[in-house]
Amino acid sequence: MTEFTLTINGQKASATEEMTVFEAAATAGIYIPNLCAHPNLPPSGECGLCLVKIEGQSEYAISCTTKTARDMVVHTDTPELRQKQRSALEKILSEHPNACLTCWRKERCKPFDVCLRNVKVTERCVTCPKNGRCDLQKVADFLDIGELTIPYTYRNLPVNQDNPFFDLDYNLCIACGQCIRACHYLRGMETIDFIKLNGFRVAGPVKDNHKNSGCKFCGACIDVCPTGALMERPGKWLGLPRHSVITTCPYCGVGCQLSLEVNDGKIVRSVPVLENSVNQGQACVKGRFGIAEFVHHPERLTNPLIRKGGKLIDASWDETLALVAEALWNYQGDQFAFIASAKCTNEENYLAQKFTRTVMQTNNIDHCARL
Amino acid sequence: MAGLAASFGSGAMTNSINEIKDAACILVIGSDTTSGHPVIALEIKKAVRNGGKLIVANPREIELCRYADIWLRHLPGSDVALLMGMMKIIADEELADLNFVSECCDNFDAFKKSLDNFDLDFVEKVTGVPRDTIIEAARLYATCKPATTIYAMGITQHSHGTDNVLATANLAMLTGNMGKPSTGVNPLRGQNNVQGACDMGALPNVYTGYQRVDNPDLQKKFEVAWREDLSPTPGLTLTEMLDAACDGKIKAMYIMGENPILSDADANHTEKALKNLEFLIVQDFFLNETAQMADVVLPAVSFAEKDGTFTNTERRIQRVRKAIDPIGNSKPDWWIICQLAKKMGAQNFDFENPSEVMEEIAKLTPSYGGVDYERLEECGLQWPCPTKDHPGTPILHVGRFVCGLGKFTPLQYKPPAEIPDKEYPLILTTGRSLYHYHTGTMTRKVAGLNALDPEGLVEINPWDASALKIKNGNTVKVISRRGEVTAKAKVTEKMPKNVVFMTFHFAESAVNLLTNPVLDPVAKIPELKVCAVKIEGVKQK
Ligand code: SF4
Ligand code: SF4
Ligand code: SF4
Ligand code: SF4
């Protein structure tokens with residue numbers, strides 16, 4: 001791998017042969033607008049936005065699929081390029097709700113404000129779950145898109161709610177193909193692909209629904225979707241999380257790193273962490289969709305219970321600990337046994353064996369690891 | 001993981017998850033990886049996309065078979081025969097890495113002699129795999145390097161599980177696939193922190209880091225650290241505890257975060273044992289089937305409400321971080337144990353937080369010596385990590401084995417403890433679903449997971465099904481020598497003839513009422529993967 005330099009917007013940048021112009025620019029801190037590139041996915045050139053001008057070439061180049069070369073001279077921000085990019089974006093927006101994107105009031109508009117432009121509720125950014133964290137909005141802002149110069153159609157397709165975990169709003173899909181590439185390349189599945197619905201090209205399950213198309217509900221497609229088309233249903237309308245905590249999935253020995261998003265003391269979402277060597281942004285259905293509901297389940301035990309007259313009755317910690325301490329005095333030595341847990345933390349297992357060996361004076365401790 | 005410890009002096013995954021994708025050949029045996037360890041399955045698929053060869057050995061047509069170059073559909077319980085058969089071919093065709101064997105390994109001659117018992121006729125008969133397929137697999141594994149073996153509970157949960165593990169270790173040594181990137185023997189641990197629970201000495205015979213309780217020096221070390229006299233007699237294993245409870249020798253039991261009524265082989269026996277106790281404490285966050293029998297239930301918090309660490313299957317110690325406050329009056333398990341110990345007059349349980357507990361663990365445990373919470377912040381650490389400036393160990397046995405030389409073990413084929421007969425003509429094998437975890441205490445509380453996988457099904461081959469006049473969706477009774485359960489039948493080509501399959505997540509069709517509690521003599525793991533059953537249709541009302 002030899003390193004060389006090239007020039008981007010008059011700035012020297014270093015690259016290797018494997019790198020695309022898009023990557024070289026990103027490494028040099030230069031933003032090229034795009035809607036289908038993702039660091040974990042192979043490039044496709046699908047959205048047609050990331051055009052650049054390479055000196056000595058008559059055609060504009062798609063930067064995410066063009067490899068760098070020594071001494072290449074690249075421009076990413078000429079007025080002609082911006083105009084080209086705007087037309088590419090307009091083509092996308094001709095089938096995507098865009099009134100809010102081009103409205104001068106968008107910064108101040110709240111979901112329930114009266115819309116001065118009579119935009120239907122379903123076609124507003126302010127009523128879209130992705131509002132504020134949407135890549136399409138970012139690109140539209142960056143390119144400073146104005147009123148569309150080509151006609152716009154609302155697709156008026158139904159929202160696909162065929163599974164318990166996520167929604168697919170075909171009206172918001174910009175056919176960038178990121179979800180499809182995630183499903184194919186990251187997961188080795190072929191659940192989704194480009195499909196035609198009412199003549200519109202969108203991403204969707206290849207058979208009648210996700211499950212029958214082989215979906216494993218891993219959610220990889222949701223994470224890469226740049227728009228509000230793919231959204232997990234839990235926490236869909238909560239917007240950006242108030243705070244999030246990175247922790248380790250409790251469901252199997254892989255130990256995926258998950259970011260638990262918390263609003264008002266409740267876990268609303270669990271998203272795999274991108275930068276780590278264990279799961280690299282991936283998880284499975286259990287880690288992604290199986291956490292909040294059991295943690296906040298109404299049947300969670302909230303008080304100690306003591307059996308009285310054959311029934312388990314609520315008790316205080318003081319009373320319960322005193323009772324257990326009192327009882328355990330009678331069983332020191334080999335008449336006592338502790339079953340620890342492969343679900344508990346290291347520290348807890350450590351304390352369990354220390355307690356058994358010191359306080360209870362026996363080595364009768366084991367756990368269900370053998371299973 | 002007693003088997004691995006015997007061969008290499010350590011019982012954990014020898015290599016790391018992110019090396020799998022670069023393997024030239026992968027043998028996946030006894031693991032339905034896409035269900036049990038989905039994210040590791042992604043690495044296997046990546047390896048295949050990178051041009052690596054995949055050999056899947058499994059009686060069921062698991063999802064990975066679609067990506068496999070060779071699928072060895074051996075009969076449940078015939079793993080030793082299959083692996084030894086492959087090794088005989090490798091040895092006979094002089095494909096073994098004799099340099100590695102002579103430099104790094106011990107006991108090769110005795111092992112080689114034991115291969116004589118595994119001629120292809122015998123292996124073909126016992127495993128049910130055509131000889132050509134076995135030859136092809138053996139050649140592939142021996143010639144594509146680096147090669148790695150991945151296995152899970154399908155290897156260990158047998159009455160001869162230790163032999164199975166030793167066989168995989170023999171194979172890795174014979175082909176020189178040890179101590180290098182993308183090689184090794186890689187057990188995928190079932191529950192999230194099995195590795196950590198073992199590392200922490202939640203075992204009857206060892207303190208933390210596998211330091212034996214019957215070693216006087218180590219006993220002394222812990223007596224000094226804990227300021228308490230300690231017993232040098234190894235304690236009872238889980239199954240022995242339950243037997244001792246039945247006999248009235250164990251009178252009080254403290255169960256933390258487990259539900260043995262659903263998870264142990266032979267549920268009726270477990271229930272009898274627990275009923276016989278004078279005092280049962282259960283600490284959990286739900287009133288699970290075991291907690292309902294307790295005298296005292298202590299409400300613990302879930303992983304989301306506490307700090308701590310888990311150690312994953314590649315020996316990586318990773319942080320668990322508190323995301324929300326405890327629900328109701330529930331408390332972290334570490335807090336409860338400390339309070340109780342203090343109530344009982346113990347001096348050494350004054351911990352303010354789990355980070356302080358880790359400091360004590362690091363002091364007493366050589367392999368965790370360099371671990372502290374600050375260092376774990378970034379992306380955890382893989383043990384052994386003996387000192388504060390040690391970077392952790394992604395690959396074990398680089399250059400030499402932890403115990404000096406890797407030890408070959410001569411092996412014999414032993415049939416499963418219970419083989420099908422006239423009365424119980426089918427083999428029942430068990431496994432996991434992608435949508436549920438363990439006994440379902442957590443996942444069955446999640447509506448979406450339940451909707452996708454609502455009930456335990458009996459998977460059966462169409463041929464067996466039609467012989468028994470069972471149609472897809474019929475309710476059937478599965479009967480073993482120990483008990484019976486009812487469940488719906490799923491007729492599928494994915495099952496081989498004479499073998500049926502159930503998952504073990506469902507209380508209402510608890511497969512452990514059926515399974516055989518006979519133990520592996522070394523690892524003391526019950527034979528959950530093979531037992532003999534018969535199936536009867538249930539008259540639909
Ligand atoms: S997907 Fe983005 S651009 Fe489209 S409506 Fe939602 S927020 Fe607006
Ligand atoms: S959830 Fe996973 S398997 Fe299903 S479509 Fe999305 S990426 Fe594919
Ligand atoms: S669903 Fe999202 S990721 Fe998939 S093609 Fe449409 S916009 Fe792109
Ligand atoms: S997200 Fe899935 S693969 Fe990852 S640790 Fe959790 S259960 Fe295992």
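Basis for what follows: all heavy atoms, side chains included, without hydrogens, waters or symmetry-related copies. Letters go in sequence order (proteins before strands), and every chain restarts at 1.
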| request: Assess whether ring-ring contact (aromatic ring centres under 6.0 Å, His included) is satisfied between A:H297 and B:F285, documenting all intermediate values. | output: CA-CA 10 Å; A:H297 198 277; B:F285 40 81; over 10 Å; no
| Steps toward side chain to side chain contact (heavy atoms under 4.5 Å, CB included) verdict (B:L42, A:R187) | CA-CA 6 Å; B:L42 302 180; A:R187 308 301 304 200; 3.5 Å; yes
| request: Under the side chain to side chain contact (heavy atoms under 4.5 Å, CB included) rule, what do A:N330 and B:K251 come out as? Steps first, then yes or no, please. | output: CA-CA 10 Å; A:N330 302 322; B:K251 300 204 174 79; over 6 Å; no
| task | Under the side chain to side chain contact (heavy atoms under 4.5 Å, CB included) rule, what do B:F310 and A:T345 come out as? Steps first, then yes or no, please. | result | CA-CA 5 Å; B:F310 290 149; A:T345 64; 4.0 Å; yes
| task | Check the pair A:E293 / B:K445 against side chain to side chain contact (heavy atoms under 4.5 Å, CB included), numbers first and verdict last. | result | CA-CA 7 Å; A:E293 224 172 303; B:K445 303 266 187 320; over 6 Å; no
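Annotation: maximal heavy-atom pairing with chain A below 4.5 Å, among B:S231, B:A323, B:A152, occurs at B:A323. Put simply, of B:I324, B:L230, B:L287, the one with the most heavy-atom pairs under 4.5 Å next to chain A is B:I324. When A:C344, A:S244, A:C249 are compared by the number of non-hydrogen pairs under 4.5 Å with chain B, A:C344 comes out ahead. Top candidate by heavy-atom pairs under 4.5 Å with chain B, chosen from A:A337, A:C284, A:A325, A:A352, is A:A337. In terms of heavy-atom pairs under 4.5 angstrom with chain B, the leader among A:F336, A:F294, A:W329 is A:F294. Heavy-atom pairs under 4.5 Å with chain B peak, among A:F289, A:F217, A:Y185, A:W317, at A:W317. Between chain A and the options B:K322, B:E228, B:Q339, heavy-atom pairs under 4.5 Å are most frequent for B:E228. By number of non-hydrogen pairs under 4.5 angstrom with chain A, the leading residue of B:N329, B:T313, B:T233 is B:N329. Per-residue counts of heavy-atom pairs under 4.5 Å with chain B were compared for A:T358, A:T362, A:I306; the largest is that of A:T358. Contact count against chain A (heavy-atom pairs under 4.5 Å) is highest for B:Q318 among B:Q318, B:K45, B:E360, B:E378. Interface summary for chain B: among A:T320, A:I246, A:N163, the most heavy-atom pairs under 4.5 angstrom belong to A:I246. Counting heavy-atom pairs closer than 4.5 Å to chain A, the top-ranked of the candidates B:Y254, B:F279, B:Y67 is B:Y254.
To the nearest 0.5 Å, the span separating CG on B:D295 from CG on A:L312 amounts to 8.5 Å. Considering CD1 of B:I40 and CD of A:Q282, their distance stands at 13.5 Å, rounded to 0.5 Å. Taking CZ of A:F338 as the start and CE of B:M241 as the end, the distance is 10.0 Å to the nearest 0.5 Å. Distance check, rounded to the nearest 0.5 Å: CD1 of B:I250 to CG of A:D334 gives 7.0 Å. Separating the NZ atom in A:K286 from the CG atom in B:N192 is a distance of 11.5 Å, to the nearest 0.5 Å. The OG1 atom of B:T443 sits 11.5 Å away from atom CD1 of A:I291, with the distance rounded to the nearest 0.5 Å.
Between B:N348 and A:K354, the closest heavy-atom pair is O-NZ, 2.8 Å. Here the closest non-hydrogen pair linking B:E314 and A:V278 is OE2-CG2, 3.4 Å. The shortest heavy-atom contact between A:V359 and B:A341 is CG2-CB, 4.2 Å. In terms of heavy-atom proximity, A:L301 sits nearest to B:D284 at CD1-O, 3.6 Å. Scanning both residues, A:L321 and B:L340, for their nearest heavy atoms gives O-CD1, 3.9 Å. Nearest heavy atoms, A:Q353 versus B:T208: NE2-CG2, 3.9 Å.
Taking the six-membered ring where the residue is Trp, B:F349 and A:F355 present perpendicular rings, their angle passing 60° and hence far from 30°.
Taking 4.0 Å as the cut-off between side-chain N and carboxylate O, A:E326 and B:K343 do not count as a salt-bridged pair. A salt bridge links A:E348 and B:K306; the closest N-O separation between the charged side-chain nitrogens and carboxylate oxygens is under 4.0 Å. For B:R66 and A:E190, the salt-bridge test fails: no basic side-chain N is under 4.0 Å from an acidic carboxylate O.
By a heavy-atom distance cut of under 4.5 Å, A:L260, A:V262, A:G265 are the residues of residues 258-265 of chain A near chain B, going up by number.
If you check the side chains of B:R316 and A:S277, you find a donor sitting under 3.5 Å from an acceptor. Residues A:N346 and B:N193 bring a donor and an acceptor atom of their side chains to less than 3.5 Å of each other. For the residue pair B:Q191 / A:Y251, no side-chain donor-acceptor distance below 3.5 Å is found, with atom types taken as modelled.
Atom CD of A:E275 sits in a sparse spot, with 12 or fewer heavy atoms from other residues, nucleotides or ligands closer than 6.0 Å. For B:Q347, the CD atom sits in a loose shell: 12 or fewer heavy atoms of surrounding residues, nucleotides or ligands are nearer than 6.0 Å.
Under a cutoff of 6.0 Å and an axis angle of 45°, A:K343 and B:F303 do not form a cation-pi pair.
Judged purely by atom type and a 3.5 angstrom limit, A:N349 has no side-chain atom pairing as donor or acceptor with the backbone of B:A202. In this structure a side-chain-to-backbone donor-acceptor pair under 3.5 Å is missing from B:K249 to A:Q335. For the pair A:E347 (side chain) and B:T309 (backbone), a donor-acceptor distance under 3.5 Å is present. Using a distance-only test at 3.5 Å, with no hydrogens or angles considered, a donor-acceptor pair links the side chain of A:R307 to the main chain of B:A294. Of the possible polar contacts, none joining the A:N363 side chain to the B:P204 backbone as a donor-acceptor pair under 3.5 Å is found. Under a 3.5 Å cut-off, the side chain of A:T302 and the backbone N or O of B:G328 do not form any donor-acceptor pair. A:D366 places a side-chain N or O within donor-acceptor distance of the main-chain N or O of B:L238, the cut-off being under 3.5 Å.
In this structure, chain A has no heavy atom under 4.5 Å from any part of B:E223. Neither the backbone nor the side chain of A:N276 comes within contact range of chain B, judged by heavy atoms closer than 4.5 Å. A:L328 touches chain B through backbone and side chain together, each having a heavy atom under 4.5 Å away. Looking at A:K216, both its backbone and its side chain come within 4.5 Å of chain B, counting heavy atoms on both sides.
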